[in-house]
Amino acid sequence: MKAKTVDKVATSIIVVLALFIVVLLLGLLGFILVRGIGQINWHFLTSAPQLLKGGGGIGPQLFNSIFLLVLTLIITIPLGWGGGIYMAEYAKPGRITSFIRLVVEVLSSFPSIVIGLFGLLLIVNTFGLGFSLLSGAMALAIFNLPLMVRTTEQAFRAVPKEQKEAGLALGLSKWKIITSILLPVALPSLITGTILASGRIFGEAAALMFTAGMSSPPLDFTDWNPTSPRSPINPLRPAETLAVHIWKVNSEGIGPDSKEVAAGASAVLVILVLAFNLSARWIGRVVYRRMTASK
Amino acid sequence: MNNKLKPRRPLREKHYWEEWTGRIYTSICVVFLIVVMFSIVYFVASKGLSTFFQNGVSLREFLSGKTWNPTGEPAAYGALPFITGSFITTLLAALIASPLSLCAALFMTEIVPGKGKKILQPAIELLSGIPSVVYGFIGLSVIVPLLRSMFGGAGVGIAAGCLVLSVMILPTVTSIMADALSALPKGLRESSYALGATRWQTIYRVIIPTVLPALLTGIVLGMARAFGEALAVQMVIGNAPHVPTSLLESASTLTSVITLSMGNTTMGSVHNNALWSMALVLLVMTFVFVILVRLLERRNRV
């Protein structure tokens, strides 16, 4: 009889604590959205921030975040997918492969601030790229690559063996099999993984403070010459992203409405990250249906 | 005869060409990863070690000195306050997050497997998607005022820092624990039930001892994340450069000091190099965590 009572008590504790996590999540999301959503309007999303007086927006920061994400993906996708393909298709079990695995594991455990500092030392100072979007994108690529390699490897390993054997039976080269048989099958999970990684890139700040910089020059959105310092698409200008902006406003915001700006910007950031997560699943499903003609 | 062979040759050449582009291209990607890892270690270590070799700060002063006063006269480079700050917040965060995560993982896999997974899995994925600055913002606007009204004082400090961190590492720890639990062979559970054990007896006598190394792996990975987290902690911990004596006291961590001071020091100065030494401590701790995870995984396999 006693064992049964203990069982009941333990079970209810587990259930209560597990539900506590759900409540915690709903509370957090509710808090961010309730506090922030009132701040979001077209003016807030498009206008430049005001340091001393109120009424500023997050326009340049939002643009910087999206542009930086695009630049990072341009660097990460070829490298990350390539590394993952190597691990799934070329690597033979042995010393070298387990060493590469260790490298990937260590790289993915480096704190993002250490990668930011490395970026500051090598990319910003030694390569002379300065605080710029390009430096930030390179640092984020380092931050993101191990994750990308891992998801790519998993995606390729999940492809049924028969597909590869069919390709070998046709006498195709290995690379041909990878690109024209395995890649299309793995593509939905690759895309899902990439979008999920994008969500992480989007919210990352510590690695960017020392590489992309903590300020934005006044942008002129009519100037589309990529070499002009005020052009929004110049990759060599410093750029403060949304996440860095939230940190800055919170820790040294002196404007009268810095709390409101932080709340609004946090809400925008969380909504975008949620959108990334939801769209990752949805796009993955759509691509899968396209590629395999199944339901 | 000759006619038959001729079209074959270019085909074979194309075949080789394709074979080698693939091999070389993917190998370059992997070599790039290796080069990046080693250059991170090399650059951070060379900068961090120059504090001791070039500037003559003694390693003992750095690791055990209690005063951090790099601009004072004489300058003091004791990093002990930050090292203790980092360790205390990390340990406390793991202490708060681990039982919660274990309950969540058990809920998902043992108590209500189908439904529980449907409710908790998305919740945990969403929690892990929230960026760290947003956690910092929540900490600053909810936890800090709450602590202030409950215990008085400033509200910022170790307690606020580890509460924020524990929520941040919750998803990491939970998902690893849940994976470990669901990978357990079904027969183990069934034989325990067949002996007349209750669910709780099965859980803590059979299941938990079996997957213990994997559960610990989850906790270690969570701690690694907490140790390296910079911005969220920096926002709520108060950043006072002394060894804290109470949980409500303002303190600093290695990451929070680096975040705050790196931009204000000139490259090459002793102050700057001392910050790099702290980054080196972070790097060394990363390796310690990786080694711990590897050891636990080895135990798990046997």
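These numbers were taken from a predicted model, which means no experiment stands behind them.
For B:Phe227, no part lies under 4.5 angstrom from a heavy atom of chain A. When heavy atoms are compared at a cutoff of 4.5 Å, B:Val167 approaches chain A solely by way of its side chain, counted from C-beta outward. For A:Ile178, no part sits under 4.5 Å from any heavy atom of chain B, backbone or side chain. For A:Leu17, the parts lying under 4.5 angstrom from a heavy atom of chain B are both the backbone and the side chain. Both the backbone and the side chain of B:Leu127 come within contact range of chain A, judged by heavy atoms closer than 4.5 Å. At a 4.5 Å heavy-atom cutoff, the contact between A:Leu117 and chain B is made by backbone and side-chain atoms alike. Heavy-atom distances place the side chain of A:Phe99, and not its backbone, under 4.5 Å from chain B. Within the 4.5 angstrom heavy-atom criterion, only side-chain atoms of B:Gln234, from C-beta onward, approach chain A. Proximity to chain B (any heavy atom under 4.5 Å) is restricted, for A:Tyr90, to the side chain, taken from C-beta onward. Only the side chain of A:Phe20 comes within contact range of chain B, judged by heavy atoms closer than 4.5 Å. Neither the backbone nor the side chain of A:Ile177 comes within less than 4.5 Å of any heavy atom of chain B. Interface residue A:Val273: only side-chain heavy atoms are found under 4.5 Å from chain B. For chain B, the nearby part of A:Val104 is the side chain; its heavy atoms alone come within less than 4.5 Å. Residue B:Arg225: no heavy atom, backbone or side chain, is found under 4.5 Å from chain A. Interface remark: B:Phe38 contributes side-chain atoms only to the contact with chain A (heavy atom separation under 4.5 Å). With a 4.5 angstrom heavy-atom cutoff, B:Ser128 does not touch chain A via any of its atoms. With a threshold of 4.5 angstrom between heavy atoms, B:Ala279 approaches chain A through its backbone and through its side chain. Looking at A:Ala263, both its backbone and its side chain come within 4.5 Å of chain B, counting heavy atoms on both sides. Only the side chain of A:Leu29 comes within contact range of chain B, with heavy atoms under 4.5 Å apart.
The environment of A:Leu26 atom CG is dense: over 12 non-hydrogen atoms of other residues, nucleotides or ligands sit within 6.0 angstrom. Atom NZ of A:Lys176 has 12 or fewer heavy atoms from other residues, nucleotides or ligands within 6.0 Å. Applying the 6.0 Å contact sphere to OH of B:Tyr42 captures no more than 12 heavy atoms from other residues, nucleotides or ligands.
In this structure, A:Arg200 is positioned above the aromatic face of A:Phe143, its NZ or CZ under 6.0 Å from the six-membered ring centre and within 45° of the axis.
Most heavy-atom pairs under 4.5 Å with chain B: of the set A:Leu102, A:Ile115, A:Thr126, A:Val149, this distinction falls to A:Leu102.
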Inset, instruction - Could you go through the side chain to side chain contact (heavy atoms under 4.5 Å, CB included) check for B:Thr21 and B:Tyr25 one step at a time? - result: CA-CA 6 Å; B:Thr21 33; B:Tyr25 165 59; 5.6 Å; no
